[in-house]
Amino acid sequence: SKSISYPKYIARSEAVYGLFLAEHDLDSGITLINRGANRYLENDFTERAANALYIKGIVNEVYGTTDSATSAYEQSIALAEEYEHFLELGNSAYSLANMYNIRGQNVKALEWAHKAKNAYESGSHQKKIGQSLNLIGIIYDQSGLYSEALDSYLKAREIAIQTDDIDNEILISNNMGVIYDEMNNTQKSMEYYGDALEKARINNMDENEATLLNNLSYIHLKNGDTARAIDFLKRSLQIDLTDTYPCFESYPLEGLGAVYIALDKLDTAE
């Protein structure tokens with residue numbers, strides 16, 4: 001890039017190499033990302049600069065420097081807002097919303113999630129709108145606002161179906177199964193879990209299938225159907241996710257332990 005004196009590509013190389021380098025040396029990686037962002041700005045590539053700051057936020061968040069992550073996301077948002085780069089604005093706002101949600105700061109999380117949704121709407125990024133609505137639903141659910149959560153989930157699910165976003169559709173259906181379970185509407189919960197499970201199987205999404213089998217087993221256990229609960233948990237155990245999630249087996253094994261306790265088979269549970 002330097003040999004052809006093209007600053008856009010030089011800056012891109014700096015930002016991407018900084019992302020890689022951060023895994024080995026966080027400070028050196030951040031320095032390179034900053035250099036790339038500044039080079040973008042110096043040459044009026046404002047959208048790229050906003051993206052580099054977004055990458056900087058992700059790197060800091062992954063390595064636990066949340067104050068620096070927040071600062072980088074906010075810088076990206078300010079720049080994207082000034083120049084109406086709606087995708088970058090939405091991405092950084094979404095990341096902030098997710099970060100505040102993880103930290104249990106639901107008021108701030110909701111504020112940033114709505115900002116992300118509005119940015120995606122301004123840029124007509126349909127799939128992203130659905131993803132932000134799903135996050136809004138999660139935040140409402142965690143706040144005990146079930147009606148608002150369901151409204152957001154339903155809108156998000158409709159967008160996922162319209163845009164053929166199968167990953168998000170399965171995720172939303174699972175979330176709706178969770179919220180109906182929390183509302184003690186077992187029938188509705190099983191409907192959404194079952195729909196998501198079928199789509200996960202058809203699309204060979206092993207991780208989603210295993211999670212949904214675990215969730216359905218919990219419903220069956222609550223209903224006193226221990227035989228079906230055991231069946232679902234054993235089917236979940238048969239899905240080998242150890243390469244990606246080494247501790248995955250602990251979840252269905254814990255579920256089986258709970259079922260055997262319910263059956264008063266304490267030795268088996270142990």
Using the rule given for side chain to side chain contact (heavy atoms under 4.5 Å, CB included), can you reason through Asn134 versus Gln131, listing the C-alpha separation, both sets of side-chain angles and the distance that settles it, and then say yes or no? CA-CA 5 Å; Asn134 180 52; Gln131 291 165 11; 5.6 Å; no
With side chain to side chain contact (heavy atoms under 4.5 Å, CB included) as the test, would you mind laying out the steps for Lys199 and Ile166 before giving the verdict? CA-CA 8 Å; Lys199 288 183 170 63; Ile166 189 65; 3.7 Å; yes
Starting from the C-alpha separation in whole Å, work towards a yes-or-no answer on side chain to side chain contact (heavy atoms under 4.5 Å, CB included) for Ile77 and Tyr54. CA-CA 8 Å; Ile77 288 165; Tyr54 166 63; over 6 Å; no
How far apart are the C-alpha atoms of Asn98 and Leu135, what are their side-chain angles, what is the distance that settles it, and do they pass the side chain to side chain contact (heavy atoms under 4.5 Å, CB included) test? CA-CA 8 Å; Asn98 201 44; Leu135 179 56; 4.0 Å; yes
Distance-only donor-acceptor hits, side chain of residues 40-49, under 3.5 Å, sequence neighbours excluded:
unit_1	atom_1	unit_2	atom_2	d
Tyr40	OH	Arg12	N	3.2
Asn43	ND2	Arg39	O	2.8
Thr46	OG1	His85	NE2	2.7

Quick one: side chains of residues 213-222, donor-acceptor pairs under 3.5 Å with protein atoms, not counting sequence neighbours, listed by atom name and distance.
unit_1	atom_1	unit_2	atom_2	d
Asn214	OD1	Ser236	OG	2.9
Asn215	ND2	Asn174	OD1	2.7
Ser217	OG	Asn214	O	2.5
Lys222	NZ	Asp181	OD1	2.7

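Scanning all heavy atoms of the two residues, the minimum distance from Ser173 to Arg157 falls at OG-NE, 3.0 Å. Gly90 and Ala116 get closest at one heavy-atom pair: O-CB, 3.5 Å. Closest approach of Leu79 to Ala50, counting heavy atoms only: CD2-N, 3.6 Å. Considering every non-hydrogen atom in both Ser152 and Ile136, the closest pair reads OG-CG2, 3.4 Å. The minimum heavy-atom distance linking Leu133 with Lys117 is given by the pair CD2-CD, 3.6 Å. The minimum heavy-atom distance between Met99 and Thr66, with the atom names listed, is CE-O, 4.0 Å.
Between the side chain of Ser71 and the backbone N or O of Asp67 there is no donor-acceptor pair closer than 3.5 Å. A distance-only check finds no donor-acceptor pair linking the side chain of Asp195 to the backbone of Glu191 [under 3.5 Å]. Here the side chain of Asp141 pairs no donor or acceptor atom with the backbone of Gly137 at under 3.5 angstrom. The backbone N or O of Lys128 lies less than 3.5 Å from a partner atom in the side chain of Ser132, making a donor-acceptor pair. In this structure a side-chain-to-backbone donor-acceptor pair under 3.5 Å is missing from Asn101 to Ala97.
Remark: Lys127 NZ is packed, more than 12 non-hydrogen atoms of other residues, nucleotides or ligands lying under 6.0 Å away. Within 6.0 Å of CD on Glu254 lie no more than 12 heavy atoms contributed by other residues, nucleotides or ligands. Within a 6.0 Å sphere centred on OH of Tyr63, heavy atoms belonging to other residues, nucleotides or ligands number more than 12.
Here Tyr146 sits in one hydrophobic cluster together with Ile138, Leu150, Tyr153, Leu154, Ile172, Met176, Ile179, Tyr180, Met183, Tyr192; the rule is ILVMFWY side chains under 4.5 Å apart, joined directly or through other members. Grouped with Leu171 in a hydrophobic cluster is no other residue, since no side-chain heavy-atom contact under 4.5 Å to another Ile, Leu, Val, Met, Phe, Trp or Tyr is found. Ile161 belongs to no hydrophobic cluster, as no Ile, Leu, Val, Met, Phe, Trp or Tyr side chain comes under 4.5 Å of its own. With side-chain heavy atoms closer than 4.5 Å counting as contact, directly or through intermediates, the hydrophobic cluster containing Leu266 also holds Ile261.
To the nearest 0.5 Å, atom OH of residue Tyr94 and atom CG of residue Leu87 are 13.5 Å apart. Annotation: the span from Glu198 atom CD to Asn203 atom CG amounts to 10.5 Å, rounded to 0.5 Å. Here the NZ atom belonging to Lys108 is positioned 9.5 Å from the CG atom belonging to Leu96, to the nearest 0.5 angstrom. Separating the CG atom in Leu237 from the CG atom in Leu256 is a distance of 6.0 Å, to the nearest 0.5 Å. For the atom pair Asn60 CG and Leu26 CG, the distance stands at 6.0 Å (nearest 0.5 Å). How far CG of Asp167 is from CD of Glu169: 10.0 Å, rounded to the nearest 0.5 Å.
Lys265 meets the side chain to side chain donor-acceptor pair (under 3.5 Å) test with no other residue; sequence neighbours excluded. Partners of Tyr120 according to the side chain to side chain donor-acceptor pair (under 3.5 Å) rule, which considers only residues two or more places apart in sequence or in another chain, are Asn91. Asp231 is linked by a side-chain contact (heavy atoms from CB on, under 4.5 Å) to Arg235, counting only residues two or more places apart in sequence or in another chain. Here Gln126 pairs with nothing under the side chain to side chain donor-acceptor pair (under 3.5 Å) rule; sequence neighbours left out. When the side-chain contact (heavy atoms from CB on, under 4.5 Å) test is applied to Glu84, the partners found at least two apart in sequence or on another chain are Phe86. Among residues two or more places apart in sequence or in another chain, the side chain to side chain donor-acceptor pair (under 3.5 Å) test is passed with Glu82 by none.
Lys115 and Glu81 are joined by a salt bridge, as a carboxylate oxygen and a charged side-chain nitrogen come within less than 4.0 angstrom of each other.
By the rule that hydrophobic residues join a cluster once side-chain heavy atoms approach within less than 4.5 Å of another member, Ile170 and Ile159 end up as members of separate clusters. Under the 4.5 Å side-chain heavy-atom criterion for ILVMFWY residues, no single connected hydrophobic cluster contains both Ile58 and Val16. A continuous path of hydrophobic side-chain contacts links Phe232 to Tyr251 [ILVMFWY only; heavy atoms under 4.5 Å]. Leu253 and Ile230 fall within the same hydrophobic cluster, defined by Ile, Leu, Val, Met, Phe, Trp and Tyr side-chain heavy atoms under 4.5 Å apart, directly or through other members. Met190 and Leu197 fall within a single hydrophobic cluster, where Ile, Leu, Val, Met, Phe, Trp and Tyr are joined by side-chain heavy atoms under 4.5 Å apart, directly or via other members.
The aromatic rings of Tyr6 and Tyr9 sit perpendicular to each other, their planes meeting at more than 60°, with 30° as the lower class boundary.
Here the side chains of Tyr140 and Leu110 are in contact, with some heavy-atom distance below 4.5 Å.
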